[in-house]
> 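Could you have a look at this structure, given as structure tokens, before my questions?
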Amino acid sequence: MNYWLVKSEPEEYGFQDLIDEEVGCWDGVRNYQARNNLRAMKIDDEVFFYHSRQGLEIVGIARVVREAYPDPTAEKGDWSAVDLSPIRWLSAPVSLKAIKSEPALSDMALVRNGRLSVMPISTDHHTLIMKMAGEDPS
DNA sequence: GCCAACGTTGGC
DNA sequence: GCCAACGTTGGC
């Protein structure tokens, strides 16, 4: 089981939209690093859902339900999409501010590379973030 | 809305 | 293959 984090502007496509859709196609990624991360996702991997621009916090958890396939929105180029399903809202959202003020999370890509929209999350970071979100680690 | 940081493009 | 110019992302 691997952990990931994806960013989306809630005005564009927020966690509520994923809940409404039940299965969301994660397409439109046009960055090679982000694309390669999408391709490394496996069924049932857990994905933190982060609201960028507005909110600036991790709000929910999703699950990979379909592994990488050709991005239907790509007219040219070699791009990939995955499908995600919502698991649940976090008990308490974890803000970027809280993440930045946690020394153990200072090497997260979210902090180091503000522009990467799909990134892996280490098990240690995942555990800590779940704790910060008031989630039972079990 | 601004602008810094980053990635990509294209001229040489 | 270098690097300046440009476009985009996303925090502030």
Side-chain angles (χ1 to χ4, degrees):
Chain A
M1 157 87 76
N2 288 304
Y3 302 106
W4 308 91
L5 181 146
V6 297
K7 290 182 184 176
S8 187
E9 298 188 31
E11 275 196 340
E12 203 68 33
Y13 189 91
F15 194 62
Q16 185 61 53
D17 295 308
L18 184 62
I19 287 175
D20 293 344
E21 279 199 323
E22 293 182 6
V23 176
C25 173
W26 208 260
D27 56 20
V29 169
R30 296 293 181 271
N31 170 285
Y32 290 109
Q33 209 181 335
R35 182 203 68 182
N36 293 342
N37 289 333
L38 282 182
R39 288 181 177 176
M41 289 184 179
K42 297 294 177 194
I43 293 280
D44 283 340
D45 280 357
E46 285 189 14
V47 181
F48 282 136
F49 198 110
Y50 176 82
H51 280 169
S52 64
R53 298 276 294 172
Q54 269 125 32
L56 307 187
E57 56 192 11
I58 301 170
V59 295
I61 317 169
R63 178 199 330 272
V64 177
V65 295
R66 184 178 173 193
E67 293 176 11
Y69 57 95
D71 185 339
T73 71
E75 293 180 2
K76 55 172 184 162
D78 184 20
W79 301 109
S80 294
V82 299
D83 287 353
L84 301 179
S85 278
I87 296 178
R88 63 176 181 278
W89 294 93
L90 290 177
S91 305
V94 179
S95 68
L96 180 64
K97 199 176 169 188
I99 289 168
K100 282 186 167 172
S101 62
E102 172 52 66
L105 298 177
S106 60
D107 57 340
M108 267 184 77
L110 189 68
V111 178
R112 282 203 337 274
N113 180 0
R115 304 182 36 142
L116 184 62
S117 60
V118 182
M119 67 191 78
I121 301 288
S122 74
T123 305
D124 287 351
H125 288 173
H126 178 266
T127 303
L128 180 52
I129 290 166
M130 289 298 271
K131 203 172 295 177
M132 291 164 75
E135 294 282 337
D136 190 326
S138 63

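Residue numbers start from 1 in every chain, and the chains themselves are labelled A, B, ... in the order their sequence lines are given, proteins ahead of strands.
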> Run the salt bridge (Lys or Arg N to Asp or Glu O under 4.0 Å) test against A:D107 and tell me which residues pass, sequence neighbours left out.
none
> side-chain hydrogen bond (donor to acceptor under 3.5 Å, both in side chains) with A:R88: which residues, sequence neighbours excluded?
A:E135
> Could you tell me, to 10°, how much the axis swings from one end of the helix from B:dG1-C:dC12 to B:dC12-C:dG1 to the other, five pairs per end?
10°
> Take the angle between the ring planes of A:F15 and A:W89 and call it parallel below 30°, perpendicular above 60°, tilted in between.
perpendicular
> Quick one: do the A:D20 and A:Q16 side chains pair a donor with an acceptor below 3.5 Å?
yes
> When we call it a touch if two heavy atoms are under 4.0 Å apart, what does A:K100 touch: a base, just sugar-phosphate, or nothing?
sugar-phosphate
> Do the rings of A:Y13 and A:W26 sit parallel, tilted or perpendicular, given the 30° and 60° boundaries?
perpendicular
> Side-chain atoms of residues 65-77 of chain A: list all donor-acceptor pairs with protein atoms under 3.5 Å, sequence neighbours left out, distances to 0.1 Å.
{"from": "A:E67", "atom 1": "OE2", "to": "A:I43", "atom 2": "N", "distance (Å)": "2.8"}
{"from": "A:Y69", "atom 1": "OH", "to": "A:D83", "atom 2": "OD1", "distance (Å)": "2.5"}
{"from": "A:D71", "atom 1": "OD1", "to": "A:T73", "atom 2": "N", "distance (Å)": "2.7"}
{"from": "A:D71", "atom 1": "OD1", "to": "A:T73", "atom 2": "OG1", "distance (Å)": "2.7"}
{"from": "A:D71", "atom 1": "OD2", "to": "A:G28", "atom 2": "N", "distance (Å)": "2.8"}
{"from": "A:D71", "atom 1": "OD2", "to": "A:R30", "atom 2": "NH1", "distance (Å)": "2.9"}
{"from": "A:D71", "atom 1": "OD2", "to": "A:T73", "atom 2": "OG1", "distance (Å)": "3.3"}
{"from": "A:T73", "atom 1": "OG1", "to": "A:R30", "atom 2": "NH2", "distance (Å)": "3.1"}

> Starting at the 5' end of DNA chain B, which residue's closest nucleotide do you reach first, A:R30 or A:R53?
A:R53
> Is there a chain of hydrophobic side chains (I, L, V, M, F, W, Y, each step under 4.5 Å between heavy atoms) that links A:I99 to A:V59?
no
> With heavy atoms of chain A within less than 4.0 Å as the criterion, where does contact along DNA chain C begin and end?
C:dG7 to C:dC12
> Partners of A:R39 by salt bridge (Lys or Arg N to Asp or Glu O under 4.0 Å), sequence neighbours excluded?
A:D78
